[in-house]
2 protein chains.
Amino acid sequence: MAAKSSIRPTYAVISKAAGVSEATVSRVLNGDENVHPDRIKAVQDAVAKLGYKKHRAASSLASGRTGLIAVVIDDDLSIFSDPFWATVTSGISRVLMENDLQTLLMVANLDSLDGPVAHSLQGGEVDGAIFFQLHKDALVKRLVKQRLPMVITGTPHTSNDFVFVDTDNFGGAHEATNHLFSRGCSQVAIITGDIETTAGRQRLDGYNQAYRKSGHVPSKHLIAEGDYSFESGKAAMKRLLDQVESLDGVFACNDVMALGAIAAIEEAGKVVPDHVKVVGFDDSLLAQTSRPTLTSVRQDIVALGEAAANLMIAQLRGEDAQPCILSTELVVRESA
Amino acid sequence: MAAKSSIRPTYAVISKAAGVSEATVSRVLNGDENVHPDRIKAVQDAVAKLGYKKHRAASSLASGRTGLIAVVIDDDLSIFSDPFWATVTSGISRVLMENDLQTLLMVANLDSLDGPVAHSLQGGEVDGAIFFQLHKDALVKRLVKQRLPMVITGTPHTSNDFVFVDTDNFGGAHEATNHLFSRGCSQVAIITGDIETTAGRQRLDGYNQAYRKSGHVPSKHLIAEGDYSFESGKAAMKRLLDQVESLDGVFACNDVMALGAIAAIEEAGKVVPDHVKVVGFDDSLLAQTSRPTLTSVRQDIVALGEAAANLMIAQLRGEDAQPCILSTELVVRESA
DNA sequence: GTGGATGGTGAAAGCGGTTTCACCATATCG
DNA sequence: CGATATGGTGAAACCGCTTTCACCATCCAC
């Protein structure tokens, strides 16, 4: 038994100080309605005076609630280069902390239905889990069945069963594409992200719809697939420039690929935005520091995290949580 | 009492299945030496067969150990734009998980000695804490006194008392500066980071020493102070160009400022690297995607996290943990 | 062969909360 | 006015694991 660094007061102490039973202390501290105001006050005073703080482990053991929410991140490439998840996580963490919940971070490969993460989540070690960018939803589906409260950040493939929050990928892409047309472009290409992901798919859909609405017809030649990396953006742009001579606008599904595209355009001896206009997505730091600075679709990433946390809290309260789509905003800079 | 989603086996079940007492089950599961091999096997078999997993809360309550390590991040600007901490954290998290410890994420303002974070840490809710970039060490000092195992990521100001891991800021800056001289520069400036931080100070020291070793004398005019932001880098560079006509090299203490510097240089009508060579620090994604691509000092950020986690684990085991400095590597690209 | 280490074990007492249950007051009803 | 709900309360069981303690074997030395 590890020596306790300091002797914390327990219910025994509080109840004595307040002149009530431990049961009543518990009632007060858990917001039970049926306690006489006088005793509520007595307990609260004692708690304040003695600087009492509940012992999490003891509370968990007795109640079955841990006060822990897992934030589960697939152990993927993107994490190491993209500040996105860090920002979302900080939003989540803040809201959870305000609600007296703690954030348990799990970075791991989620393919296995049997890894340590899966065990933790199934083993009742947490009260809920917030997932990021789902590639495979086998694990999540199972957890839903076990009635673990969950929130997905990013739209899942089979959306009906899950509670999720997401940026309005469709709307953002739509606006980006429209912007290029309104700037006078007539041949607008798209460099997609991974279209296996819903975000990638939705951005492509937004592009397509904007294209059709503009009266133009989106040609297959104008669609190049990327994977969110700089190199893929550059390569895709090279292909596009080769195939479509009159190309004068491109919407890249993230900022990194947009920079790749700009690199390719300049290597081809053309100038951004004079010859080809470029719009990115994310409005990351890159968009502000690149030259030319990048017009980009901004998403409120912190808000995304906060929304995820709030949906989780709603579920824990037993309220029913509706999926939530956050709107985007186009930030116009030099590139388009 | 929340209904348990599934009935987990308990010691009662295991001990019956293995034909031993619960005490012995506990001994086996906690690696007690003095148990007969036959019983160890019996228990292990029962555990495997029944898919037993320890109940964390119960274990914590009884043992006083929570199995939780806090990763504490000051609620600062940098977090939202810099992927640095995310990467470190993922390294930490991985190592902790491999050692059956969990990562509790706390993003909060650490100025107050009395906030929720301080309470959690002091209240025995975690077995240890890993801090990032310390600005104020009042809280940390207090926790050290309370004998909470701690690791600081980044060199603390008063280093003697703490266990910490850090990148070799001095060495990296030294190498960067040397590189500029070896490329033929003679007037090499530095754009420092926040020199209130030890990292900022060490990088400046490395620059100074490299300068002296080269036989040149570092002039005060060659030192411009920045704050790690793009704008500060740009402004600093503008000042430097105004003051030192013959300037032909600059070492910026991070990549973002290096990009700011490049922007200022080009605005002044000069060319990188022909007229002025630039070296950054971090080797972030920015360094690879900027144009010209950026020569930068690379630090192994994941390793930094892993080292921090390993130092924590060593402390938990009662071994004494020595501070640890990770070496850097200069990645040469177009800018210098 | 006896006394004292030593290894191996189980019963039982916690750890610090939560929750059930029985109980005593009042308040409400017919 | 007796019978029945209702609010408020404390005693005690319990959550699942850890650890102390007492105890019984052995094993060793003398």
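The chains referred to below are lettered A, B, ... by the order of the sequence lines, with proteins before strands, and numbering in each begins at 1. The figures that follow rest on heavy atoms only: side chains count, while hydrogens, waters and symmetry mates do not.
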If you only use heavy atoms from C-beta on, which nucleotide in [options] is closest to the side chain of [X]?
X	options	answer
A/A62	D/dC15, D/dA11, D/dT19	D/dC15
B/H36	C/dG8, C/dG17, C/dA12	C/dG8
A/S59	D/dT9, C/dG17, C/dG10	C/dG17
B/H55	C/dG8, D/dT19, D/dC17	D/dC17
A/L61	C/dG8, C/dG17, D/dG16	D/dG16

Query - Member of A/R65, A/R56, A/K53 meeting the salt bridge (charged side-chain N to carboxylate O under 4.0 Å, His left out) criterion with A/D100 - result: A/R56
Which part of the nucleic acid, if any, lies within contact of [X], taking any heavy atom under 4.0 Å across all strands shown: a base, the sugar-phosphate backbone alone, or nothing?
X	value
A/R39	sugar-phosphate
A/V20	sugar-phosphate
A/T10	sugar-phosphate

**Report entry** A/E22 or B/S21, whichever maps to the more 5' nucleotide of DNA chain C
**Finding:** B/S21
**Report entry** Heavy-atom pair of closest approach, residues B/M312 and B/P149
**Finding:** CE-O, 3.5 Å
Does [N] have its OP1 or OP2 closer than 4.0 Å to a side-chain nitrogen or oxygen of [X]?
X	N	value
A/R56	C/dT18	no
B/Y11	D/dT18	yes
B/N34	C/dT6	no
B/S26	D/dC17	no

Spacing of [X] atom [atom1] relative to [N] atom [atom2], expressed in whole Å:
X	N	atom1	atom2	answer
B/I14	D/dG16	CD1	P	13 Å
B/K54	D/dT18	NZ	C1'	9 Å
A/D32	D/dT9	CG	P	10 Å
B/K53	D/dG16	NZ	P	15 Å
B/E125	C/dG16	CD	P	14 Å
A/E33	D/dT9	CD	C1'	16 Å
B/N30	D/dT19	CG	C1'	10 Å
B/R65	D/dC17	CZ	C1'	11 Å

Report summary line: By nearest-heavy-atom nucleotide on DNA chain D, the more 5' of B/A57 and A/G19 is A/G19
Query raised in the report: Roughly how far, to the nearest 0.5 Å, is the CG atom of A/L61 from the NE2 atom of B/H55?
Result: 6.0 Å
Query raised in the report: Is the base of C/dG10 touched by the side chain of B/R27 through a donor-acceptor pair closer than 3.5 angstrom?
Result: yes
Side chain proximity check, [X] to [Y], heavy atoms < 4.5 angstrom:
X	Y	result
A/Q44	A/V28	yes
A/L316	A/D127	yes
A/Q102	B/M106	yes

